[in-house]
Amino acid sequence: MDLILFGPPGAGKGTQAQFLVETYGVPQVSTGDMLRAAVKAGTPLGVKAQEIMARGGLVSDDIVLGIVAERLAQDDCSSGFVLDGFPRTIPQADALDGILKQAGRAIDHVVSLEVDSEEIVKRLSGRRSCPSCGKGYHVVFDAPVKADVCDVCGTGLVQRADDQEDTVRNRLLVYEQQTAPLKEYYQSKQILCSIPGIGPIAEIQQRIAAALEK
Ligand code: ADP
Ligand code: ADP
Ligand code: ZN
């Protein structure tokens, strides 16, 4: 199953991707995670991406397409994947189509999580993640058993620098201008399924599962 999890920053893409990975046994492909890894490792690509990510802008299509093409060609993606945070522009979506077509594949579903800006600001200000295993949390809505410590591996949780409120506002603007138009793009291909993204995490999982089984 070749899936895209779509939605604004903080919509719950990463959270729901974890569930899809467990349910369908396909890997999560998160461009945000891959870019953050490149920044941390200080690779030439990471150096280029760092400043743009810090302001909440979009890294160039060329850079992002390079890492996605390489990732999707790996063996574990051969029977499906969940894309999280990609595509974010129409050129990225067109290029993804081309990459998949060459392999005789196509996106099966685009699951779009619908969440309003007020909720997004609340979610991102309380978002925390584990720098060691990558699991995501929220200080109120999805809190770890012990405050500030990862349930899975015991590492101290961290907050992303780009989750500061003014950067979040910029990311939302960029989303509206460059990424939201992809909804129409996929609607016209009849593979978009919109899911209300507000409510308990488990309930949203059920909505996604029900939509995918249809
Ligand atoms: P995205 O990957 O789309 O940016 P995340 O999955 O990281 O979003 O979620 C953003 C924040 O909101 C995290 O702190 C997460 O724990 C929290 N969150 C995710 N889903 C929900 C939900 N249904 N209700 C409340 N908070 C949620
Ligand atoms: P969120 O989970 O809040 O939606 P991500 O982790 O997906 O955020 O992305 C973090 C940052 O990485 C983005 O603000 C952007 O700078 C960069 N980024 C991630 N994916 C892409 C992409 N597909 N195209 C361009 N930039 C990207
Ligand atoms: Zn952990």
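Because only heavy atoms are used, hydrogens play no part in the values below, and waters and symmetry mates are left out as well, while side chains stay in. Every value quoted in this text rests on a predicted model; they were computed, and no experiment measured them. First listed ligand is number 1; within each ligand, the first listed atom is number 1. Counting begins at 1 with the first residue of the sequence.
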Sidechain N-carboxylate O distance under 4.0 Å for R169, D166: no
Do the charged groups of D76 and R71 touch, with an N to O distance under 4.0 Å? yes
Just which atoms of ligand 2 are under 4.0 Å from any heavy atom in [X]?
{"X": "L35", "result": "12 (O), 17 (C), 18 (N), 19 (C), 27 (C)"}
{"X": "Q92", "result": "22 (C), 23 (N), 24 (N), 25 (C)"}
{"X": "G57", "result": "14 (O), 15 (C), 16 (O)"}

Any donor-acceptor N or O pair under 3.5 Å, side chains S112, E114: yes
Check the side chains of T15 and D142 for a donor-acceptor pair under 3.5 angstrom, ignoring hydrogens and angles. no
Starting at [atom1] of [X], measure out to [atom2] of [Y] and round the result to the nearest 0.5 Å.
{"X": "Q205", "Y": "T23", "atom1": "CD", "atom2": "OG1", "answer": "7.0 Å"}
{"X": "S125", "Y": "I120", "atom1": "OG", "atom2": "CD1", "answer": "11.5 Å"}
{"X": "L5", "Y": "Q16", "atom1": "CG", "atom2": "CD", "answer": "7.5 Å"}

Below 4.0 Å, non-hydrogen atoms only: which portion of V59 touches ligand 2? Side chain, backbone, both or neither. both
Any N or O on R36 sitting closer than 3.5 Å to an N or O of ligand 2? yes
I need the SG(C153)-the Zn ion (ligand 3)-SG(C150) angle, rounded to 10 degrees. 110°
What are the atom names and distances for all N or O pairs under 3.5 Å between ligand 1 and the protein?
unit_1, atom_1, unit_2, atom_2, d
ligand 1, 2 (O), G14, N, 2.8
ligand 1, 3 (O), A11, N, 3.2
ligand 1, 3 (O), G12, N, 3.0
ligand 1, 3 (O), K13, N, 2.8
ligand 1, 3 (O), K13, NZ, 2.8
ligand 1, 4 (O), G10, N, 2.8
ligand 1, 4 (O), R127, NH1, 2.9
ligand 1, 6 (O), G14, N, 3.3
ligand 1, 6 (O), T15, N, 2.8
ligand 1, 6 (O), T15, OG1, 2.6
ligand 1, 7 (O), R127, NH1, 2.7
ligand 1, 8 (O), G12, N, 3.1
ligand 1, 14 (O), Y137, O, 2.7
ligand 1, 16 (O), Y137, O, 3.3
ligand 1, 16 (O), H138, N, 3.4
ligand 1, 23 (N), G199, O, 2.8
ligand 1, 24 (N), R123, NH2, 3.4

Closest non-hydrogen atoms of V82 and A17, given as atom of the first, atom of the second and distance, are CG1-CB, 4.3 Å
NZ or CZ of K183 within 45° of Y186 ring axis and under 6.0 Å: no
